[in-house]
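Reading through the structure tokens given below for one structure.
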Amino acid sequence: MTTDAHDVDWDHLREAAGDAMERAYAPYSKYRVGAAALAEDGRLVVGCNVENAAYGVTLCAECGLVSQLHLTGGGKLSHFVCVNGDRDVIMPCGRCRQLLSENGRSDLQLLTPEGVRSIAEVLPQAFGPADLA
Ligand code: THU
């Protein structure tokens with residue numbers, strides 16, 4: 001799979017997100033989520049949501065994905081998609097847009113229900129590491 005911004009196999013990435021969703025642990029909300037992304041070097045990373053009886057400490061699918069990014073060599077994400085239990089494309093929640101912003105390239109592309117959008121479009125004026133400098 002190429003990582004060129006205009007020539008990514010979104011169907012393949014979406015399928016990987018759907019397959020990750022099948023591994024979700026969501027007995028409380030029953031809302032399963034899978035996420036898949038490409039790292040700059042072409043590596044595929046995935047994640048699924050993992051809930052907990054202490055509802056507030058639920059791990060979104062993006063948390064696992066970002067953990068896998070770091071575990072497998074780090075770098076930044078270039079392309080991202082997440083899906084629900086019907087394999088429909090959904091938007092990442094607000095907290096996870098922040099995660100994606102910090103772990104993604106500045107031009108990170110997301111497949112959304114309204115088409116491909118940049119991270120700047122889905123998280124305008126993001127707070128980031130530079131604000132802490
Ligand atoms: N969820 C995610 O995994 N990612 C998101 O971006 C949206 C929400 C999960 C968290 C929870 O397990 C379930 O979806 C319902 O909110």
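Indexing begins at 1, ligand by ligand and atom by atom, following the structure's order.
Near A61, with a cut-off below 4.0 Å to any heavy atom, the atoms of ligand 1 are 2 (C), 3 (O). Which parts of ligand 1 touch T58 is read off a 4.0 Å heavy-atom cut-off, strictly below it: atoms 10 (C), 11 (C), 12 (O). Every atom of ligand 1 with a heavy atom of P92 under 4.0 Å away is listed here by number and element: 6 (O).
Looking at S29 against ligand 1, only its side chain comes within 4.0 Å, counting heavy atoms.
Looking at heavy atoms from C-beta onward, V8 lies out of side-chain contact with Q109 at the 4.5 angstrom threshold. Residues Y28 and T58 form no side-chain contact, since every pair of their non-hydrogen atoms from C-beta on lies 4.5 Å or further apart. For the pair H70/V66, a side-chain contact is recorded, criterion being any heavy-atom separation below 4.5 Å from C-beta on. No side-chain heavy atom of E62 sits under 4.5 Å from any side-chain heavy atom of R95.
Proximity of a side-chain donor or acceptor of N49 to a complementary backbone N or O of Y31 within less than 3.5 Å is detected.
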Report the C-alpha distance between L59 and N52 in whole Å, list the side-chain angles of each, state the deciding distance to 0.1 Å, and finish with yes or no for side-chain contact (heavy atoms from CB on, under 4.5 Å). CA-CA 8 Å; L59 301 175; N52 189 286; over 6 Å; no
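For atom 11 (C) of ligand 1, the closest heavy atom belonging to the protein is E51 OE2, 3.3 Å. Protein heavy atom in closest approach to atom 9 (C) of ligand 1: N49 ND2, 3.6 Å. Closest to atom 4 (N) of ligand 1 among all protein heavy atoms lies E62 OE1, 2.9 Å. Among all non-hydrogen protein atoms, the one lying nearest atom 8 (C) of ligand 1 is C60 SG, 4.0 Å. Protein heavy atom nearest atom 7 (C) of ligand 1, with residue, atom name and distance: C93 CB, 3.9 Å.
The protein does not reach atom 16 (O) of ligand 1 closely, with no heavy atom under 4.0 angstrom from it.
For the atom pair D41 CG and T72 OG1, the distance stands at 8.0 Å (nearest 0.5 Å).
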